[in-house]
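First up is the structure itself, then whatever we jot down about it.
Ligands are counted one by one from 1 in listed order, and the atoms in each one are counted from 1 as well.
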Amino acid sequence: MKTKIADLEFEPLLSAEAIEERIKAIGIQISNDYKHVVPVFIGVLNGSFLFIADLIKQIEIPCEITFTKLASYYGGTKSTLKIRDDIDFAMDIKGRDVVVIEDIVDTGNTAHYLLEKLRIKQPASIKLCSLLLKPKALLKKIDELKYVGFEIENEFVVGYGLDYKEMGRNLKDIYKRVK
Ligand code: 5GP
């Protein structure tokens, strides 16, 4: 069913059930990959708040969680290539195995910026886990991108934490823009 958010129209792309199933699989994979260490998850707010919460519940090994807040869209539908960095987390990640949790990798600029910042803190390893990836929009190769929920077309999406003009984050399913 179509839905309208502000001036734009959207239609369903990924159901809550499909998202849940995929997150369970990623949770199993990460729990297995990190079973010999205690990983630190860094959730990138705001868009990934539901993904972080749901993914973390599927992790069955001891782990730590912290958050950072970055934004590049400023409420619109196009990446601005400018990154606003609101929080620098206090946790010491030197020598730790870090998994960054993102909602979506679009141009890859945000991920690139954050990973560069994290590398300076000398973690033992860094991997990126993104619920969504737009392979056709990617401008930079991201070697750390190990876990991807869904690859999608180069289209604007909302729901399940992702917003348009700060709205639509509460939708259970993910919708794509049609108009
Ligand atoms: P990138 O820096 O990779 O171009 O963009 C990453 C950030 O832009 C994401 O973390 C997200 O906040 C925002 N973004 C990218 N694509 C979309 C989209 O289709 N919908 C929404 N709501 N945000 C997006």
query: For Val157, is at least one N or O under 3.5 Å away from an N or O on ligand 1?
result: yes
Ligand 1 N/O within reach of Asp106 N/O, cut-off under 3.5 Å: yes
query: Which value, rounded to the nearest 0.5 Å, describes the distance between Ile28 atom CD1 and Gln58 atom CD?
result: 7.5 Å
message: With rounding to the nearest 0.5 angstrom, report the CG to CD1 distance, Leu14 to Ile152.
response: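 That separation rounds to 7.5 Å.
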Which atoms from ligand 1 have a heavy atom of [X] less than 4.0 Å away?
X      : value
Glu155 : 19 (O)
Asp163 : 21 (C), 22 (N)
Leu162 : 21 (C), 22 (N), 23 (N)
Glu102 : 10 (O)
Thr107 : 1 (P), 2 (O), 3 (O), 4 (O)

If we only consider heavy atoms of [X], is any one of them less than 4.0 Å away from an atom in ligand 1?
X      : result
Phe156 : yes
Gly108 : yes
Arg177 : no
Val158 : no

task: Assess the side chains of Ser15 and Asp173: does a donor N or O sit below 3.5 Å from an acceptor N or O?
output: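 Side-chain D/A pair, Ser15 to Asp173: absent.
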- prompt: Partners of Asn170 by side chain to side chain donor-acceptor pair (under 3.5 Å), sequence neighbours excluded?
  reply: none
field: Structural part of Lys134 in contact with ligand 1, heavy atom criterion under 4.0 angstrom
entry: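 It is the side chain that touches ligand 1; the backbone stays farther off.
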query: Between Val44 and ligand 1, which part of the residue brings a heavy atom under 4.0 Å of the ligand: side chain, backbone, both or neither?
result: neither
message: Are more than 12 heavy atoms, taken from residues, nucleotides or ligands other than Lys140, located less than 6.0 Å from that residue's NZ atom?
response: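 Atom NZ in Lys140 is packed in, count exceeds 12.
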- request: Look at the side chain of Arg22 and the backbone N and O of Val148, then say whether any donor-acceptor pair between them is shorter than 3.5 Å.
  value: yes
Ser31 side chain to Glu60 backbone, donor-acceptor under 3.5 Å: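 Present.
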- prompt: So, are Lys134 and Glu153 salt-bridged, with charged N and O less than 4.0 Å apart?
  reply: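 Answer for the salt bridge query: no.
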task: From the options Asn46, Asp103, Leu132, select the one whose nearest heavy atom is closest to atom 12 (O) of ligand 1.
output: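 It is Asp103 that holds the nearest heavy atom.
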- request: For the residue pair Tyr147 and Tyr34, categorise the inter-ring angle as parallel (less than 30°), tilted (30 to 60°) or perpendicular (more than 60°).
  value: tilted
